[in-house]
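Chain letters run A, B, ... following the sequence lines, proteins first, then strands; residues in each count from 1.
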There are 2 protein chains.
Amino acid sequence: MTTTRGRIDKRQAILEGAFTVFAREGYAQACVQKIAQEAGVAKPTVYNHMTDKATLFRHAMEAAARTVLDERIAALEPLADPGADLRATLEEVAHALLRLHTDGRSCALRRLLFSEITHFPDLLEIVQDSGPDRLRQALADRLARLALTGRLRTTDPDLTAEQFLALLLGPLEARTRLGTRTLPDPELRTMAGDTVESFLRAWGAA
Amino acid sequence: MTTTRGRIDKRQAILEGAFTVFAREGYAQACVQKIAQEAGVAKPTVYNHMTDKATLFRHAMEAAARTVLDERIAALEPLADPGADLRATLEEVAHALLRLHTDGRSCALRRLLFSEITHFPDLLEIVQDSGPDRLRQALADRLARLALTGRLRTTDPDLTAEQFLALLLGPLEARTRLGTRTLPDPELRTMAGDTVESFLRAWGAA
DNA sequence: CTTATGTTGAACCCATGAGTTCAGAAACTA
DNA sequence: TAGTTTCTGAACTCATGGGTTCAACATAAG
């Protein structure tokens with residue numbers, strides 16, 4: 001404690017500590033005392049920056065969501081210019097998405113969002129719109145380019161993107177036991193391969 | 001209140017009331033007082049049947065999971081003897097599964113399971129093993145029969161079943177806004193159709 | 001009628017935790 | 001150095017809620 005650094009990033013420390021504790025304990029069980037402790041800060045300091053436990057939660061979720069989203073969008077980058085081997089590029093992207101999706105932060109974010117969605121309906125706009133929706137959108141854009149150059153045969157890139165993501169990420173829930181089990185990397189590779197295999201069988205160019 | 005009926009089903013009423021309140025409020029926010037009220041019972045009566053709030057939760061979840069599972073397995077029935085039109089049968093089953101999966105009880109069950117999985121790890125065995133896993137197993141059995149009679153071309157029914165369910169149920173999360181929005185039936189029909197379309201393109205017999 | 005079991009409402013104990021107050025200590029500003 | 005802002009720790013208030021107790025009551029069996 002008493003890591004007396006600059007004051008500007010106290011807020012940052014609080015948000016990170018808050019997310020850590022919320023992720024570990026859940027919203028209701030997480031007490032502000034522990035959050036302050038996790039952030040290396042006194043309890044009143046927390047209330048200096050955030051009026052409420054609720055708004056603290058909102059801001060922590062928002063911050064976590066932003067970083068998670070950025071990583072995921074970045075993972076689509078290879079599709080912007082796929083080489084000759086489309087399958088390999090798809091598998092690479094699929095594998096990257098799987099790793100990001102099974103990351104502890106990502107799992108915790110989804111779990112918290114899911115569990116508190118009834119008490120914080122506004123989290124949906126804050127997190128979801130800037131999460132899966134944007135990812136699907138970005139992927140759809142990539143796929144549309146591929147369709148235009150004849151490397152995929154689809155007339156509905158949005159649907160195709162939705163199905164690719166469903167095929168890829170759907171099995172994760174059961175396999176990771178709702179995020180309580182971490183999958184070995186070879187299994188992720190296999191899943192990426194299986195997904196791309198079926199995806200190309202359905203949508204690949206002749 | 002004071003619906004003084006037989007004593008045998010007090011337990012049943014408590015379990016149902018408990019699930020209702022847990023679903024509405026979440027585990028931590030649900031207070032036993034309200035559960036008792038919802039079940040039309042006095043608080044000490046609840047503690048007569050269940051030692052703890054925790055075990056009350058476990059039993060309520062278990063009971064809810066059992067009914068949900070039974071419905072889902074039953075929805076696969078048409079696949080036991082698909083008529084000449086395999087596509088139509090698959091669409092029928094897909095549509096039934098979508099409706100069950102978007103049901104309020106089902107959504108609430110998944111949300112509670114997801115949110116409390118860190119505090120009640122044993123729920124995984126109680127609920128999950130008898131949930132998605134058994135459903136996938138049952139579907140894989142059906143698909144294997146179809147493969148044997150040449151109506152599907154797959155060598156791995158388990159993977160195929162997993163992908164069918166992923167393709168079907170994966171998009172639900174985003175579309176129902178994590179279960180906070182109910183989808184109109186025509187949209188469910190469209191989703192079932194899209195799923196079967198892609199599924200057959202990847203796995204259908206020539 | 002009597003006894004045993006289960007239910008009821010109300011009151012109670014007690015732990016937890018949100019949010020506040022305050023006096024003093026850093027730390028940054030000038 | 002003096003002044004302003006922020007942080008700190010500890011103690012405090014207060015509401016919530018888990019779990020229990022108890023005396024009165026209902027019911028069913030013998």
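If you measure from atom CG of A:Asp52 to atom P of D:dA15, you get 17 Å, rounded to the nearest angstrom. Rounded to whole Å, atom C1' of C:dT16 lies 11 Å from atom NZ of A:Lys53. B:Phe57 places its CZ atom 13 Å from the P atom of D:dG18, with the value rounded to the nearest Å. Atom CD in B:Gln29 sits about 12 Å away from atom C1' in D:dT16, given to the nearest Å. If you take CG of A:Asp9 and P of C:dC28, they are 11 Å apart, rounded to a whole angstrom. If you measure from atom CD of A:Gln37 to atom C1' of D:dC7, you get 17 Å, rounded to the nearest angstrom. Residue A:Glu25 contributes atom CD, which lies 14 Å from atom P of C:dT16 at whole-angstrom precision. Following rounding to the nearest Å, B:Asn48 (CG) and D:dG19 (C1') show an atom-to-atom distance of 12 Å.
Using a 4.0 Å cut-off between charged nitrogen and carboxylate oxygen, B:Arg142 and B:Glu77 count as a salt-bridge pair. Residues A:Arg58 and A:Glu62 are not paired through a salt bridge, judged by the lack of any N-O separation under 4.0 Å between the basic side chain and the carboxylate. The residues B:Asp133 and A:Arg175 are annotated as not salt-bridged, no charged nitrogen and carboxylate oxygen being separated by less than 4.0 angstrom.
The cationic group of A:Lys53 does not satisfy the cation-pi geometry with A:Phe22, failing either the under 6.0 Å distance to the six-membered ring centre or the 45° limit from the ring axis.
If you run side-chain contact (heavy atoms from CB on, under 4.5 Å) between B:Leu165 and each of B:Thr160, B:Leu139, B:Thr195, only B:Leu139 comes through.
Among the atoms of the strands shown, only primed sugar atoms or phosphate atoms (P, OP1, OP2) are found under 4.0 Å from some heavy atom of B:Ala30.
With axes fitted over five pairs at each extremity, the angle between the ends of the helix from C:dC1-D:dG30 to C:dA30-D:dT1 is 20° (10° resolution).
Between A:Pro44 and B:Gln33, the residue anchored closer to the 5' end of DNA chain D is A:Pro44, taking for each the nucleotide with the nearest heavy atom. Residue whose closest nucleotide on DNA chain C sits further toward the 5' end, between A:Ala54 and B:Ala42: B:Ala42.
Comparing atom distances between the B:Tyr47 side chain and each of C:dT8, D:dG18, D:dC7 picks out D:dG18 as nearest. You'll find that the side chain of B:Cys31 is closest to D:dG18, out of C:dT8, D:dG18, D:dC7.
Judged by distance alone, the side chains of B:Glu38 and B:Thr20 never bring a donor and an acceptor atom under 3.5 Å apart.
Residue side chain A:Lys43 reaches the base of C:dG19 through a donor-acceptor N/O pair under 3.5 Å, judged by distance alone.
Residue B:His49 places none of its side-chain N or O atoms closer than 4.0 Å to OP1 or OP2 of C:dG6.
Taking all atoms of both residues into account, the shortest heavy-atom contact from A:Gly170 to B:Ala166 is CA-CB, 4.0 Å.
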